[in-house]
Amino acid sequence: MLSFLSLAKQPSLAHNITSLALGKFDGMHSAHQVLFEKLGDKGAILCIESNQGELLPQKYRAFYAKCPIFSLPLEYVRSKSDKEFVEFLLEILPNLKCLVVGYDFRFGKERHYYTFDLQKRFQGEVVVVEEVFYKKLSVHSGLIKELLINGNLKQANKLLGRPYEIRGGIVRGQGIGAKELVATINLQNDGFLLPKEGVYAGFVQLGAQSVESPKYPAVIFIGNRLSTDKSFAIEGHLLGMKLEVQQKEAGFFLVKYLRENKHFEHLSELKEQIGRDIERAYKALKCENRESQKNAESAGGTNEGFQSRIASSKGINNG
C-alpha cells in the first residue's frame, strides 16, 4: 500500500483521482465494501491508520480493493480543524470532487468533527453511507474483533463477508509433529488479530494472496501447545494429503471453531484427540475423508466469490 503523502510526488496519479473513501478500513469487511461501491472509475481509498489491533494489516488490504488504496498515519490529521483537513486533502488531490464516508465518520482534533462538518467545508459531493446491518447486527470492525476473540467465528465471518484469515511466513515447528502426532505447516503471524485459542476447521493457501491458488482443507490450531513445549503456535494440518512445501508464506482461513485448547498428559491422548479433530474438520468443511486433494480447488471457494468480485473489477507439511 502506498503512502498518501507520496501522491505529492506523483502528480499524474494524484490529478486522476476524483473521488475518495475515507476511514480506517482495517478489516475491508462487508460494510467497507458498501462504501467502496460508491466510488467512481477514478476513485481511491484512504486508510487513516491508528495501528491498533488490526483485522487485516495494511500490506494485505489492496487484495480486497478494486481501486488504488493509500495509507496515512492518524498523526498527520489528528489535530487539524475541519477546514485544515479539507485543505490538506485538496492539496494532495487537486481534482477531488467526491468524498465517501460512513455515517459515524469522525475526524480532526479530539475527533471533534462529524460528517455534517465535512459537508459544510468540502465544496464537492459528500456521500454519507448509512449503517450496514447483518441480521440486526451493525457491521463494525470492533464487533468483529469481539466475536473473534470470544470464539464466535461463524458470526464474525458473516460480518466480514469472507472467512477470517491469518497470514505470515512459514516457520519450522518443534519437530515432533510428523514423527509422533501429525505433520503441520507452522505459521508466524504477520500482525493479524489473533482469535480465541483452540482448534479450527479451515483452509490453507500456500504462497501469497491469490484468487487462483488452491486452498487446501485443514485442521488448524492456534494457541499455546499445552501438552508439549508450552510455546505459542499457529499450525495447520492438511487433510488427506502430503505436500512438499516450497513457498515461504501461507494464509490460514478459519471456517469453524471446533474446540478449546486443552492439556493432555500423554502424547498418545493428544494424538487421539487430533484424530477426532480431523474427522470433525472433514464434516465441517463438507469434504470427503481421503479425497480432500480432489476437493481442494472447489473447497477453496469459501471466499472465492468475494475475491472474484474484486478481481473482475481489477481486470507440505514440514512438521
Side-chain angles (χ1 to χ4, degrees), residues 24-34 47 52-65 132 134-135 137-170 185-211 213-223 232-239 249-261 277 280-281 284-286 299-310:
K24 185 177 179 183
F25 304 133
D26 73 325
M28 303 294 284
H29 53 60
S30 57
H32 293 154
Q33 298 300 322
V34 174
C47 299
Q52 295 179 348
E54 296 174 317
L55 287 171
L56 191 63
Q58 183 185 121
K59 64 188 285 189
Y60 298 105
R61 291 181 207 162
F63 184 71
Y64 294 103
V132 177
Y134 172 77
K135 292 186 176 179
L137 286 177
S138 180
V139 181
H140 281 284
S141 294
L143 176 57
I144 295 171
K145 293 174 185 178
E146 183 178 340
L147 291 168
L148 288 169
I149 291 170
N150 288 300
N152 193 339
L153 178 67
K154 181 178 180 180
Q155 201 77 288
N157 285 349
K158 292 292 186 182
L159 270 60
L160 269 173
R162 64 182 188 272
Y164 184 63
E165 173 186 10
I166 300 174
R167 299 196 71 89
I170 296 174
I185 295 170
N186 297 269
L187 196 72
Q188 177 68 50
N189 180 27
D190 192 16
F192 289 78
L193 177 81
L194 289 172
K196 183 178 180 178
E197 287 196 7
V199 178
Y200 294 81
F203 296 91
V204 171
Q205 182 183 54
L206 299 173
Q209 287 173 306
S210 169
V211 175
S213 297
K215 299 178 183 67
Y216 301 103
V219 60
I220 296 167
F221 170 75
I222 299 173
F232 181 82
I234 303 173
E235 305 174 307
H237 169 71
L238 305 186
L239 300 183
E249 64 179 283
F252 286 12
F253 297 83
L254 309 181
V255 174
K256 184 175 182 179
Y257 186 74
L258 298 180
R259 67 169 176 87
E260 295 186 350
N261 194 5
D277 295 336
R280 288 190 64 194
L285 301 174
K286 296 181 173 61
T302 52
N303 76 337
E304 186 177 273
F306 181 90
Q307 293 175 329
S308 62
R309 292 197 298 272
I310 300 301

- Task: Would you name the heavy atoms of Leu258 and Arg280 that are closest together and state the gap between them?
- Result: O-NH1, 2.7 Å

- Task: Kindly say whether Ser210 contributes a backbone atom to a donor-acceptor pair with the side chain of Gln205 at under 3.5 angstrom?
- Result: yes

- Query: Are the side chain of Arg61 and the backbone of Leu56 linked by a donor-acceptor contact shorter than 3.5 Å?
  - Reply: yes

- Task: Answer yes or no: is there an ion pair linking Glu54 with Lys24, defined by an N-O contact shorter than 4.0 Å?
- Result: no

- Message: Give me the atom names and distance for the closest heavy-atom approach of Leu159 to His29.
- Response: O-CB, 3.9 Å

- Message: Please give me the minimum heavy-atom distance between Lys256 and Ala284, naming the atom from each residue.
- Response: CD-CB, 3.7 Å

- Message: Within this structure, what is the CD1-CD1 distance for the pair Ile222 and Ile220, rounded to the nearest 0.5 Å?
- Response: 6.5 Å

- Message: Within the 4.5 Å heavy-atom criterion, are Val204 and Phe253 side-chain neighbours or not?
- Response: no

- Query: For the residue pair Phe221 and Tyr200, is the inter-centroid distance of their aromatic rings smaller than 6.0 Å?
  - Reply: no

- CD of Gln155 to CD of Glu146, rounded to nearest 0.5 Å, is 11.5 Å

- Nearest-0.5 Å distance that lies between atom OH in Tyr134 and atom CG in Asn157: 10.5 Å

- Query: Which value, rounded to the nearest 0.5 Å, describes the distance between Phe203 atom CZ and Phe252 atom CZ?
  - Reply: 13.5 Å

- Message: What's the separation between atom CG in Leu148 and atom CG in Leu254, rounded to the nearest 0.5 Å?
- Response: 8.0 Å

- Task: Verify side-chain contact (heavy atoms from CB on, under 4.5 Å) between Ile185 and Ile170, making sure each step is shown before the conclusion.
- Result: CA-CA 7 Å; Ile185 295 170; Ile170 296 174; 4.2 Å; yes

- Closest heavy-atom contact between Leu153 and Val255? CD2-C, 3.4 Å

- Shortest non-hydrogen pair, Ala218 vs Ala281, comes out as O-CB, 4.3 Å

- Query: Are any of the side-chain heavy atoms of Asn189 and Leu194 separated by less than 4.5 Å?
  - Reply: yes

- Message: Using side-chain contact (heavy atoms from CB on, under 4.5 Å), reason through Arg259 and Asp277 one step at a time and then give a plain yes or no.
- Response: CA-CA 8 Å; Arg259 67 169 176 87; Asp277 295 336; 2.9 Å; yes

- Note on the structure: Between Gly27 and Ser141 the two heavy atoms that sit nearest each other are N-OG, 4.1 Å

- Query: Is atom NZ of Lys196 surrounded by more than 12 heavy atoms (other residues, nucleotides or ligands) closer than 6.0 Å?
  - Reply: yes

- Can you list the residues that meet the side-chain contact (heavy atoms from CB on, under 4.5 Å) rule with Glu197, with sequence neighbours excluded? Asn224, Phe232, Asn261

- Message: A side-chain contact here means heavy atoms from C-beta on lying under 4.5 Å apart; do His32 and Leu160 qualify?
- Response: no

- So how far is it from Leu55 CG to Ile144 CD1, rounded to the nearest 0.5 Å? 6.0 Å

- Task: Have a look at Phe63 and tell me which of Met28, Glu165, Arg167, Gln209 forms a side chain to side chain contact (heavy atoms under 4.5 Å, CB included) with it.
- Result: Gln209

- Message: Please determine whether a side-chain nitrogen of the Lys or Arg among Asp190 and Lys59 lies less than 4.0 Å from a carboxylate oxygen of the Asp or Glu.
- Response: yes

- Message: I'd like to know if the side chain of Gln188 reaches the main chain of Glu249, judged simply by a donor and an acceptor atom lying under 3.5 Å from each other, with no hydrogens or angles considered.
- Response: no

